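What follows is a short report on a single structure.
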There are 2 protein chains.
Amino acid sequence: MSAPSGDDMLSRGLRLLTVLADHPAGLGVSAVARTAGLPVSSAHRLLGRLAADRFVAYDEDTRRYALGVRVLELSRAFQRSPAGYSAAADPMRRLAARTGLPAIAGILDGADVLLVLTVQGTQHLQLRSAEGTRNPWHATSLGKALAAALPERERERLLAGGLPAVTDRTRTEPGALREELARVAARGWAEVDEENEVGVRSIAAAVPDPDGHGSPRLAVSLGATVVLTSAEELRTHVPALLDCAEEIAAVMG
Amino acid sequence: MSAPSGDDMLSRGLRLLTVLADHPAGLGVSAVARTAGLPVSSAHRLLGRLAADRFVAYDEDTRRYALGVRVLELSRAFQRSPAGYSAAADPMRRLAARTGLPAIAGILDGADVLLVLTVQGTQHLQLRSAEGTRNPWHATSLGKALAAALPERERERLLAGGLPAVTDRTRTEPGALREELARVAARGWAEVDEENEVGVRSIAAAVPDPDGHGSPRLAVSLGATVVLTSAEELRTHVPALLDCAEEIAAVMG
DNA sequence: AAACACTTTCCATCCCACGGAAAAAAGGGG
DNA sequence: CCCCTTTTTTCCGTGGGATGGAAAGTGTTT
């Protein structure tokens, strides 16, 4: 809820990393310091340390800092870890093969859905590897599926946290969304129609919690373009989607 | 050469991250402290900060720490940055489509080749997304292609740095390897035959430096299994490989 | 040339990271 | 069930190093 990070050297350094993550083209010392809210000399020192460990790359010519190669290694390790949900990859591949559509797995992280695994479909709609992307929970089918399965307290907290419009189809009314989540919980899957991105619709189902208790951490979705796939056609894949979700639950148990 | 990192709070925290990266299953406080060479209380404090920023995930039930979701976001940002070589993706996709083989791009990082971009081939040989993987430079075609294009000083430093055997086909003689690199430099492409992984052969070409001066940072390779593709057949793809390397150079210039 | 913006270095002050130690908690045998 | 071991967590006094303002160095714009 409140500021998650302290202000020690470590948290400051990590903050610099996220600042650089928001500026892939690279940033100078003072620009980094400005956006991170730090004195220039401190930023300079911290960036030096980070660069020594190659978590940031320093371009001597342009005198700019950007993320370094070490972050790649970390993410690879993460994706292989249980938290990386690599166990979900095989069921998702089968789902994508059966339906021809791209399959995406995501988790709820704060008020965002974080995409953790993507499998390309066979159609020529190739979504760029989106792992690590954030989206507002209320604008995505993954987010709705996950929110619907949440304990009431947390679900209400999400609803109270603000529902900004992403497209002009995004639901922004807490009341209407609450009702939709009830329907989602009842039937076991969620749906989104150009609420997050114009031209894209998707369906999603939460992966049942293998532990039996607690709410699902993970959800799977199928995406499609509105021009190629009607809402009705997309719904025909709901059984396959639910199968996949249960397969994943079985594998992770 | 020497220890690259200092021993302040920041470097220690980053070291903990790499420790956790080596243990995807998760580790307890004392195990982390042991492998990182830190007092338990210090590791405990640092892990707490890292967890507060969600760079590590803490499982309250098992009391184990593992990498957290924030690293995913960082890597995504990295892959989109110029250093992530996303510009190479399109030429590589074309190369993979033309040849049917998986294409891989890598850079030299110390004595290792770090894979930064992979594109699946159309054959059923699907290499697992390998971005972030390290391999000894002298056992890979990418490494040979990059080393051959290096200034002599640096190339000799690599040769002097030790050439451990990976498979029983790995070249471990500095003299022989030096000669091979000379041939690679002359003809513009490198080749590897089960020197890094049994059953896999590959060819690689360095991407000419767009700046004109300086040595290439990036190389592209095509991989194949020995059972499906003979060395001769693989060599027929050399022109396509060189084309791709030049396309990438053009795009990045 | 002068004014400006940025990067890098320097250093005295002060704060906070440090780690040993102890407490608390969690297993694990007998 | 209790004792013993291992691990996790908390506590706290000390000292070293992080801190940030200022100045020097560097390059760019008007």
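Quick note on labels: first sequence line is chain A, next is B, and so on, each numbered from 1. In this text, all values refer to a predicted model and were calculated from it rather than measured experimentally.
- Boundaries of the chain A contact region on DNA chain C are dC6(C) to dA17(C), first to last in 5' to 3' order (nucleotide atom under 4.0 Å from a heavy atom).
- When rounded to the nearest whole Å, the span between CZ of Arg64(B) and P of dT8(D) equals 9 Å.
- Residues Arg94(B) and Asp243(B) are not paired through a salt bridge, judged by the lack of any N-O separation under 4.0 Å between the basic side chain and the carboxylate.
- Of the residues in residues 23-42 of chain A, Gly28(A), Val29(A), Ser30(A), Arg34(A), Val40(A), Ser41(A) come within less than 4.0 Å of DNA chain C through at least one heavy atom, sorted by number.
- The pair Arg217(A)-Asp209(A) does not count as a salt bridge, with every side-chain nitrogen at least 4.0 angstrom from each carboxylate oxygen.
- In this entry the distance linking NE2 of His44(B) with P of dC11(D) reads 11 Å, nearest Å.
- Salt bridge present: Glu73(A) and Arg70(A) bring a charged side-chain N and a carboxylate O closer than 4.0 Å.
- Between Asp61(A) atom CG and dT26(D) atom P there is a gap of 17 Å when expressed in whole angstrom units.
- The interatomic distance linking Leu47(A) (CG) with dA18(D) (P) rounds to 15 Å, in whole Å.
- Where the helix from dA1(C)-dT30(D) to dG30(C)-dC1(D) starts and where it ends, the local axes point in directions that differ by 40°; five pairs per end, rounded to 10°.
- The CZ atom of Arg15(A) sits 9.0 Å away from the CG atom of Asp53(B) when rounded to the nearest 0.5 Å.
- Of the two residues contacting DNA chain D, namely Arg45(A) and Arg63(A), the nearest-nucleotide position lying further toward the 5' end is that of Arg45(A).
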